[in-house]
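Just below is one structure, and these are the notes that go with it.
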Amino acid sequence: MDMIVVCAASGALGRLVVAELVARGERVVAAVRDPNRVPDLNGAEVRHGDYDEPASLRSALTGAGRVLLISSPELATDRRVAQHRAVIDAAVANGVGAVAYTSFLGADRGGDPMNAAHHETERALVGSGLGHVILRHPFYTDAFVNAGLRAAVESGVLLSATGGRGLNTAPRADLASAAANVLTDDAHLGRAYDLTGPVWTYPRLAEVLSQVSGTPVEHRDADVPAAMGFLMGLARAGALERQTDDLRRVLGREPATLRQLVERALG
């Protein structure tokens, strides 16, 4: 059985991937910046693997057959690329069989600042000679559909600045399952997937909230806090409506529906 190393395993996505792999009976190593803060991750072996310390990555990847490179949250493109290259170099040095990388939708086209580091990392991974799988993620549905929706149910009003346009987000849980699938099935090697969930809209979300809660919820288009304004601006411009069948195919099942996600959020 190949050992699988999940890098950045203490983050929200990493924890889900580790839990899924452990539940499947895989031999899993969780590589984290500070092992003392996460002494146990769902039964996985925990190793020190810091994106800013290449020596720690070479040690963390020792014996690995598969590696999941979860993209760094670093905003500076040069530093982010250097961190990702450090993982790729460590994988090459350890003779790793394959690396899966969590990229972002549109990174294959490169260019824009949001995707520059992902674009460069994809190129570095393909050029490394390693077996690889590229998982281009959308924005997480979790940022929009969460326990905070209870406030909309209580007020009877759901606000957005999307103009009713669609969002192709996907929940972390589905993306984690997709990552676990590609890490355990060689049929995915050499592929790049554009992972999108079912496109949904805020007017539809208001309808589902009404159905699930039993309380009428009306959608209104209005200004929203700056923290969400950027994402909603992208939606309003139609930039989040692209959809593919890749997530369903990699999962081997339908992605979670909006109703299922709302039920979890309110439950």
Side-chain angles (χ1 to χ4, degrees), residues 12-13 71 73 75 77 102-119 135-175 178 192-251 254-267:
L13 178 65
S71 59
L75 297 179
T77 296
T102 63
S103 187
F104 195 78
L105 289 177
D108 50 324
R109 297 189 292 273
D112 65 272
M114 187 168 65
N115 265 331
H118 291 299
H119 181 68
L135 303 170
R136 298 189 186 111
H137 286 189
F139 290 110
Y140 295 135
T141 311
D142 312 57
F144 305 88
V145 182
N146 51 50
L149 290 175
R150 291 173 185 155
V153 173
E154 291 172 0
S155 68
V157 177
L158 176 67
L159 301 177
S160 86
T162 61
R165 298 294 293 267
L167 294 91
N168 60 5
T169 63
R172 281 191 187 91
D174 277 352
L175 296 170
Y193 294 110
D194 295 323
L195 305 177
T196 68
V199 173
W200 58 277
T201 67
Y202 265 86
R204 176 57 183 158
L205 177 56
E207 293 175 4
V208 175
L209 280 172
S210 301
Q211 295 165 4
V212 172
S213 69
T215 300
V217 178
E218 172 193 2
H219 171 257
R220 294 179 188 168
D221 211 50
D223 290 337
V224 297
M228 295 296 290
F230 171 70
L231 297 181
M232 291 196 178
L234 289 176
R236 192 179 191 92
L240 305 184
E241 291 180 328
R242 177 187 175 203
Q243 190 172 31
T244 79
D245 199 37
D246 286 359
L247 182 57
R248 185 194 63 78
R249 290 194 291 115
V250 174
L251 288 173
E254 294 298 327
T257 65
L258 184 61
R259 185 183 181 94
Q260 288 171 330
L261 296 173
V262 168
E263 289 173 344
R264 293 174 197 170
L266 298 184

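Everything numeric here is computed off the predicted structure, so don't read it as measured data. Count residues from 1 along the sequence.
A donor-acceptor pair under 3.5 Å is absent between the side-chain atoms of T201 and the main chain of G164, judged by distance alone. Of the possible donor and acceptor atoms, none in the side chain of S213 sits under 3.5 Å from a partner among the backbone N and O of V153. In this structure a side-chain-to-backbone donor-acceptor pair under 3.5 Å is missing from D223 to A161. Within the 3.5 Å criterion, the main-chain N or O of A107 finds a donor-acceptor partner in the side chain of H119. A donor-acceptor pair under 3.5 Å is absent between the side-chain atoms of N168 and the main chain of P138, judged by distance alone. Judged purely by atom type and a 3.5 angstrom limit, D194 has no side-chain atom pairing as donor or acceptor with the backbone of L105.
Take R165 and apply the side-chain contact (heavy atoms from CB on, under 4.5 Å) test, not counting sequence neighbours, and it matches E241. Residues that satisfy the side-chain contact (heavy atoms from CB on, under 4.5 Å) test with L149, not counting sequence neighbours, are V145, L158, L205, L209, L266. Here D245 pairs with R248 under the salt bridge (Lys or Arg N to Asp or Glu O under 4.0 Å) rule; sequence neighbours left out. Judged as a side-chain contact (heavy atoms from CB on, under 4.5 Å), and not counting sequence neighbours, the contacts of D108 are E122, R136. E263 meets the salt bridge (Lys or Arg N to Asp or Glu O under 4.0 Å) test with R259; sequence neighbours excluded.
Between S71 and T102, the shortest heavy-atom distance links the atoms N-OG1, 3.0 Å. When all heavy atoms of A170 and L247 are compared, the closest pair comes out as CB-CD2, 3.9 Å. The minimum heavy-atom distance between Y202 and L167, with the atom names listed, is CD1-CD1, 4.2 Å. Closest heavy-atom contact between R242 and G106: NH1-N, 4.3 Å. Of all non-hydrogen atoms in P171 and A256, the two that sit nearest each other are CG-CB, 4.3 Å. Smallest separation of non-hydrogen atoms from A12 and R172: CB-NE, 3.6 Å.
No side-chain heavy atom of T257 sits less than 4.5 Å from a side-chain heavy atom of W200. The closest side-chain heavy-atom distance from Q211 to V262 is not below 4.5 Å. A heavy-atom distance below 4.5 Å is found between the side chains of F139 and L234.
Between L261 atom CG and R264 atom CZ the span is 5.5 Å, to the nearest 0.5 Å. Of the inter-residue distances, the one linking R236 atom CZ with D221 atom CG reads 4.5 Å to the nearest 0.5 angstrom.
Applying the side chain to side chain donor-acceptor pair (under 3.5 Å) test to every pair with at least one member in residues 141-161, sequence neighbours left out, gives these pairs: T141-T169, S160-T162, S160-H219.
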Go through L175 and Y140 one step at a time and tell me if the side chain to side chain contact (heavy atoms under 4.5 Å, CB included) criterion holds.
-> CA-CA 9 Å; L175 296 170; Y140 295 135; 3.5 Å; yes
